[in-house]
Protein chains: 2
Amino acid sequence: MADINVSAVSLRPSEPSNERQAGGPAYDLIELLFFAYRDFIGDADERLAGLGFGRAHHRVLHFVNRHPGMRVADLLDILKITKQSLGRVLRDLVEQGYVVQKAGQADRRQRLLHLTAKGETLARDLALVQTRRFARALHEYGPGAREAARKFLTAMIDPAAREEVERLIARAERADPKR
Amino acid sequence: MADINVSAVSLRPSEPSNERQAGGPAYDLIELLFFAYRDFIGDADERLAGLGFGRAHHRVLHFVNRHPGMRVADLLDILKITKQSLGRVLRDLVEQGYVVQKAGQADRRQRLLHLTAKGETLARDLALVQTRRFARALHEYGPGAREAARKFLTAMIDPAAREEVERLIARAERADPKR
DNA sequence: TAGATATGTCAATATGGCTGACATAAACGT
DNA sequence: ACGTTTATGTCAGCCATATTGACATATCTA
């Protein structure tokens, strides 16, 4: 592999040569993100497994909690899965009393999604263990750490999707400005 | 949900009240990490799909590339999957000439894993698109960004697993100090 | 030589994705 | 008012990737 660094991208162009080499794949970061996400997800996985739920259920709980009254189509857009895949987990969640669907008042074709009290409790529990992980990771950095993390994670998202995600978050925060 | 913030964790204890409320779930960060990881993984997914490979193949390629000569048992430990699950993807990769297995010289029961030139090329290609994403996300921060990201991601990993991951990365970097 | 270890493989099962086809109800446009 | 589009649901079947338990083989180790 003589050309190992040919198409390399400089990670820190402003840094000359002191620490580590700037070119070449950032294997360490790739690996760390892999493990970080594995454990981040693992927090919730344990709790969910006890209820017979999987990650698909978690994602639905999360987004419905965060955007109460969202349409099924919105959820499909966000999760980028098919109606059929969503249908299965949504049915589980409705049958077991975590989610309710209410017909839209303006457009009665819509089945607007809401969590029940039971669903909200679970969603919050799941979010809190994950929040605790973020809190621990950001603890030692200064006051700007949270904003920095937010900016960094945003920059990791596809430019095409970024705006949409930012709008999504802004909307949720407007709806619930307390947190 | 009267007790909504009871078990909340402060994200920025040093920050009084200026920006956002410190208590309560960090829904924004949770969501951003979800999308960031989705897109991060998506970079490689596209490339892999063209070859008929999935994420399982990618993980094997990555870790074998990073730790040449690793044992099957080591890989099972890292990936936390079963022998049977690994077996399938490993067979694919061997049959299609991305991975070779060499009997250990000390212990001939071992089937030490190596990438072929073809495998190395693919592994590097995959790593480079992901590196580019990191580079873009860290670009605007200063020279310390890479180390900060590394520290942050490390802190996101389970304390129990952290040491092992750090050892893993350190070992790989010792073996390939150039990058 | 008797275990223990490293690996491989078989059969069966579960989850969570997918596609394509089709159904229903409601809204919308002309 | 009728036809089309939209929002949703559902059926049947397929695929990838994970699981467990059992068992086989080769090799090392005491």
Establish, with yes or no, whether the OP1 or OP2 oxygen of [N] is under 4.0 angstrom from a side-chain nitrogen or oxygen of [X].
{"X": "A:Q101", "N": "D:dG9", "answer": "yes"}
{"X": "A:T82", "N": "C:dC18", "answer": "yes"}
{"X": "B:S85", "N": "D:dT17", "answer": "no"}

ask   = Contacts to DNA chain D from residues 37-58 of chain A, heavy-atom cutoff under 4.0 Å, which residues?
value =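 Output list: empty, so none.
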query = Taking DNA chain D as the partner, which of residues 67-78 of chain A come within under 4.0 angstrom of it by heavy atom?
reply =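 A:R71, A:V72, A:A73 - these, ordered by number, are the residues of the stretch whose heavy atoms sit under 4.0 Å from the strand.
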task = With sequence neighbours excluded, give me every side chain to side chain donor-acceptor pair (under 3.5 Å) pair touching residues 67-77 of chain B.
result =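 For residues 67-77 of chain B, and leaving out neighbouring residues, the side chain to side chain donor-acceptor pair (under 3.5 Å) pairs sorted by first residue read B:R71-B:D74.
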message = Among residues at least two apart in sequence or on other chains, which ones pass side-chain hydrogen bond (donor to acceptor under 3.5 Å, both in side chains) with A:R47?
response =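 A:R47: side-chain hydrogen bond (donor to acceptor under 3.5 Å, both in side chains) contacts with A:D125.
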Checking [X] now: which residues fulfil salt bridge (charged side-chain N to carboxylate O under 4.0 Å, His left out) with it, not counting sequence neighbours?
{"X": "B:R55", "result": "B:D45"}
{"X": "A:R88", "result": "none"}
{"X": "B:R91", "result": "none"}

Identify each atom pair where a protein N or O and an N or O of nucleotides 9-14 of chain C are less than 3.5 Å apart, giving names and distance.
{"residue": "C:dT9", "atom": "O4", "partner": "B:Q84", "partner atom": "NE2", "Å": "2.8"}

Roughly how many Å is it from [atom1] in [X] to [atom2] in [N], rounded to a whole number?
{"X": "A:R88", "N": "C:dT15", "atom1": "CZ", "atom2": "P", "value": "10 Å"}
{"X": "A:I81", "N": "D:dA16", "atom1": "CD1", "atom2": "C1'", "value": "16 Å"}
{"X": "A:E95", "N": "D:dG9", "atom1": "CD", "atom2": "P", "value": "13 Å"}
{"X": "B:L112", "N": "C:dG8", "atom1": "CG", "atom2": "P", "value": "11 Å"}
{"X": "B:L90", "N": "C:dA6", "atom1": "CG", "atom2": "P", "value": "17 Å"}

query = Any chain of hydrophobic side-chain contacts (each under 4.5 Å) joining B:L29 to A:Y141?
reply =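 B:L29 clusters together with A:Y141.
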task = For residues B:M156 and A:D39, determine if any side-chain heavy atom of one lies less than 4.5 Å from a side-chain heavy atom of the other.
result =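 B:M156 vs A:D39: side chains apart.
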message = Using side-chain heavy atoms (C-beta onward) and a distance below 4.5 Å, is A:L168 in contact with B:F35?
response =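 Of all side-chain heavy-atom pairs linking B:F35 with A:L168, at least one is under 4.5 Å.
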ask   = Tell me the ring-ring contact (aromatic ring centres under 6.0 Å, His included) pairs involving residues 97-122 of chain A, sequence neighbours left out?
value =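 Counting only pairs at least two positions apart or across chains, the ring-ring contact (aromatic ring centres under 6.0 Å, His included) contacts touching residues 97-122 of chain A are A:F53-A:Y98.
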message = For A:D28, is there an ion pair with B:R146 - N to carboxylate O distance below 4.0 angstrom?
response =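 A salt bridge links B:R146 with A:D28.
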task = Please name the pair of heavy atoms, one in A:R108 and one in A:A103, separated by the smallest distance, quoted to 0.1 Å.
result =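 In this case the closest contact between A:R108 and A:A103 is O-CB, 4.0 Å.
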Atom pairs under 3.5 Å: protein N/O with N/O of nucleotides 25-27 of chain C:
{"residue": "C:dA26", "atom": "OP1", "partner": "A:R108", "partner atom": "NH2", "Å": "3.4"}
{"residue": "C:dA27", "atom": "OP1", "partner": "A:R108", "partner atom": "N", "Å": "3.0"}

ask   = Taking only residues two or more places apart in sequence, or in another chain, which ones meet B:F40 in a ring-ring contact (aromatic ring centres under 6.0 Å, His included)?
value =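 B:F40 satisfies ring-ring contact (aromatic ring centres under 6.0 Å, His included) with B:Y37, B:F134 only.
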request  = Please collect all salt bridge (charged side-chain N to carboxylate O under 4.0 Å, His left out) contacts where either partner lies in residues 161-170 of chain B, sequence neighbours excluded, each pair once.
outcome  =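 Those involving residues 161-170 of chain B do not exist here.
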